[in-house]
Amino acid sequence: MESLPLYVTSIVLWLTKELFQISVPSAKERTFIAVKPDGVQRRLVGQVIHRFERRGFKLVGLKLLQVSKNLLSQHYCQLTKKPFYPDLVEYMTSGPVVAMVWEGPNIVQTCRMMVGHTNPAEAHAGTIRADFSLHVSRNVVHASDSLEGAQREIMLWFDGHDLLKWDCIDQSVTSEL
Ligand SMILES: Nc1ncnc2c1ncn2[C@@H]1O[C@H](COP(=O)(O)OP(=O)(O)OP(=O)(O)O)[C@@H](O)[C@H]1O
Ligand SMILES: O=c1ccn([C@@H]2O[C@H](COP(=O)(O)OP(=O)(O)O)[C@@H](O)[C@H]2O)c(=O)[nH]1
Ligand SMILES: [Mg+2]
């Protein structure tokens with residue numbers, strides 16, 4: 001059987017989405033991930049990056065930096081009243097952090113699942129925190145916990161022009177997804 005012309009297929013797909021209100025996850029969704037000082041000290045940066053790469057997500061921003069207390073207080077602004085906050089500041093400023101922006105469909109929620117529970121003792125095996133850490137105060141990575149949080153954190157940690165738009169050629173077929 002002859003295949004339909006591409007424009008007919010596109011119209012049918014568009015109509016199907018419109019008629020049935022199918023919500024397609026945006027491939028452009030972004031999240032902020034950081035390898036915390038304990039992860040950098042333990043040379044886990046490569047393994048953390050590998051997890052997101054092998055899942056199929058796209059790296060669009062990356063830098064190694066010494067975090068200032070000012071940046072950290074903005075990043076963790078919801079936690080400043082917590083009893084562990086002074087220790088958290090000391091921990092997060094104790095050495096370099098690798099800050100990253102990753103892109104892909106449903107990435108915020110998926111990365112939270114891949115990172116695992118805040119407390120490694122409660123994290124499921126196979127998550128980064130369960131596989132690489134033992135204690136909540138040394139839990140190796142940060143991942144944004146909502147779309148709004150991700151947008152706020154990306155703007156806080158990166159200048160827009162440090163984030164790269166590029167095409168994964170192996171994923172061009174699924175760029176509509
Ligand atoms: N009870 C605790 N004792 C020590 N440190 C804690 C405790 N709770 C949280 N933290 C630290 O503060 C960080 C921020 O806590 P939060 O509640 O935002 O967890 P999270 O969202 O899983 O972590 P992150 O924001 O770093 O991804 C935790 O990742 C952990 O390092
Ligand atoms: O009882 C706690 C809760 C949190 N944290 C630290 O604070 C970070 C941010 O906490 P959040 O609640 O945002 O958890 P996360 O988003 O990291 O899972 C965590 O990752 C931990 O490093 C901690 O040291 N003790
Ligand atoms: Mg958090």
Side-chain angles (χ1 to χ4, degrees), residues 23 25-160 162-164:
S23 77
S26 167
K28 300 285 176 217
E29 187 176 311
R30 287 177 171 181
T31 196
F32 175 71
I33 301 284
V35 184
K36 296 178 175 184
D38 54 328
V40 176
Q41 289 291 341
R42 292 171 57 203
R43 273 83 82 196
L44 294 173
V45 174
Q47 300 209 48
V48 171
I49 289 177
H50 185 222
R51 299 234 169 178
F52 299 117
E53 281 191 329
R54 74 180 185 188
R55 182 81 188 223
F57 290 133
K58 179 164 74 176
L59 184 61
V60 295
L62 172 74
K63 64 181 172 187
L64 175 79
L65 73 163
Q66 175 65 47
V67 182
S68 67
K69 287 187 178 165
N70 178 35
L71 171 60
L72 199 71
S73 62
Q74 292 180 68
H75 175 77
Y76 280 139
C77 56
Q78 281 116 336
L79 301 177
T80 53
K81 300 275 181 315
K82 298 279 185 185
F84 57 82
Y85 184 72
D87 288 342
L88 181 60
V89 174
E90 202 182 321
Y91 158 47
M92 289 296 294
T93 55
S94 67
V97 164
V98 172
M100 297 179 274
V101 178
W102 288 83
E103 190 176 282
N106 273 327
I107 194 165
V108 172
Q109 194 189 354
T110 307
C111 285
R112 279 301 283 198
M113 281 193 310
M114 292 171 72
V115 163
H117 196 283
T118 304
N119 184 352
E122 294 179 51
H124 293 296
T127 61
I128 295 172
R129 284 170 171 170
D131 290 354
F132 296 119
S133 60
L134 289 168
H135 196 268
V136 66
S137 62
R138 295 290 180 273
N139 59 2
V140 178
V141 278
H142 163 80
S144 309
D145 61 10
S146 64
L147 262 179
E148 302 68 41
Q151 279 158 10
R152 186 183 73 82
E153 290 168 8
I154 290 167
M155 285 201 299
L156 184 62
W157 288 74
F158 282 89
D159 280 334
D162 288 335
L163 303 176
L164 220 62

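For ligands, and for the atoms within them, numbers begin at 1 and follow the listed sequence. It should be emphasised that the depicted structure is a prediction, and the values quoted were computed from it without experimental measurement.
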Could you list the donor-acceptor pairs under 3.5 angstrom formed by side chains in residues 109-116, with sequence neighbours left out?
residue : atom : partner : partner atom : Å
Thr110  : OG1  : Asn106  : O            : 2.8
Arg112  : NH1  : Ala143  : O            : 2.9

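- Side-chain contact between Lys82 and Tyr76: absent, with no pair of heavy atoms (C-beta onward) separated by less than 4.5 Å.
- Evaluation of the ring-ring contact (aromatic ring centres under 6.0 Å, His included) test over residues 85-108, restricted to residues two or more places apart or in two chains, returns Phe52-Trp102.
- Backbone and side-chain nitrogen or oxygen atoms of Arg129 are examined, and one is located within less than 3.5 angstrom of a nitrogen or oxygen of ligand 2.
- Shown in contact with Ser137 at under 4.0 Å from a heavy atom are these atoms of ligand 2, numbered in order with element: 24 (O).
- The closest approach between a heavy atom of His117 and any atom of ligand 1 is not below 4.0 Å.
- In this structure, atom 3 (N) of ligand 1 lies nearest to the protein heavy atom Val136 CG1, 3.4 Å.
- For atom 2 (C) of ligand 2, the nearest protein heavy atom (residue, atom name, distance) is Phe84 CE2, 3.3 Å.
- The backbone N or O of His75 sits less than 3.5 Å from a side-chain atom of Arg152, completing a donor-acceptor pair.
- In this comparison of His75, Gln78, Lys82, Arg112, the heavy atom closest to atom 21 (O) of ligand 1 sits on Arg112.
- Looking only at distances, a side-chain donor or acceptor of Arg129 sits under 3.5 Å from a matching main-chain atom of Val141.
- Considering only non-hydrogen protein atoms, atom 10 (N) of ligand 1 sits nearest to Phe84 CE1, 3.5 Å.
- If you number the atoms of ligand 1 from 1 as listed, the ones under 4.0 Å from a heavy atom of Ala143 come out as 27 (O).
- Of all atoms in ligand 2, numbered sequentially from 1 with element shown, those under 4.0 Å from a heavy atom of Leu79 are 9 (C), 10 (O).
- Between His142 and ligand 1, a contact under 3.5 Å exists for at least one N or O pair.
- The option with the heavy atom closest to atom 14 (C) of ligand 1, from among Asp38, Val115, Ile33, Leu79, is Leu79.
- Of the protein's heavy atoms, Tyr76 OH, 3.6 Å lies nearest to atom 8 (C) of ligand 2.
- In this structure, Arg42 contributes its side chain and Phe132 its backbone to a donor-acceptor pair below 3.5 Å.
- Residue contact check: Arg112 has heavy atoms under 4.0 Å from atoms 15 (P), 16 (O), 18 (O) of ligand 2.
- Considering every non-hydrogen atom in both Ser68 and Leu71, the closest pair reads OG-N, 3.1 Å.
- Looking at Gln47, His124, Arg51 one by one, the single match for side chain to side chain donor-acceptor pair (under 3.5 Å) with Asp131 turns out to be Arg51.
- Every atom of ligand 2 with a heavy atom of Leu88 under 4.0 Å away is listed here by number and element: 6 (C), 7 (O), 22 (O).
- Where the criterion is an N or O separation shorter than 3.5 Å, residue side chain and backbone included, Thr118 meets it with respect to ligand 2.
- The shortest separation from a heavy atom of Lys36 to ligand 2 is under 4.0 Å, placing the residue in contact.
- Minimum interatomic distance between Gly39 and Val140 (heavy atoms only, all atoms of both residues): CA-CG1, 4.1 Å.
- Remark: ligand 1 atoms within the under-4.0 Å shell around heavy atoms of Lys36 are 26 (O), 28 (C), 29 (O), 31 (O).
- Within the 3.5 Å criterion, the main-chain N or O of Ala27 finds no donor-acceptor partner in the side chain of Lys58.
- Asn139 has its side chain within reach of Lys36: a pair of non-hydrogen atoms, C-beta onward, lies under 4.5 Å apart.
- Between Phe32 and His142, the two ring planes are tilted [angle within 30° to 60°].
- Ranking the protein heavy atoms by distance from atom 20 (P) of ligand 1 puts Thr118 OG1, 3.3 Å first.
- At the top of the distance list for atom 23 (O) of ligand 1, counting protein heavy atoms only, stands Arg129 NH2, 3.2 Å.
- Ligand 1 has an N or O atom lying under 3.5 Å from an N or O atom of Asn139, backbone or side chain.
- The side-chain heavy atoms of Val45 and Leu64, taken from C-beta on, include no pair separated by under 4.5 Å.
- For Asn139, a nitrogen or oxygen atom sits less than 3.5 Å from a nitrogen or oxygen atom of ligand 2, counting backbone and side chain alike.
- Closest protein heavy atom to atom 26 (O) of ligand 1: Tyr76 OH, 2.4 Å.
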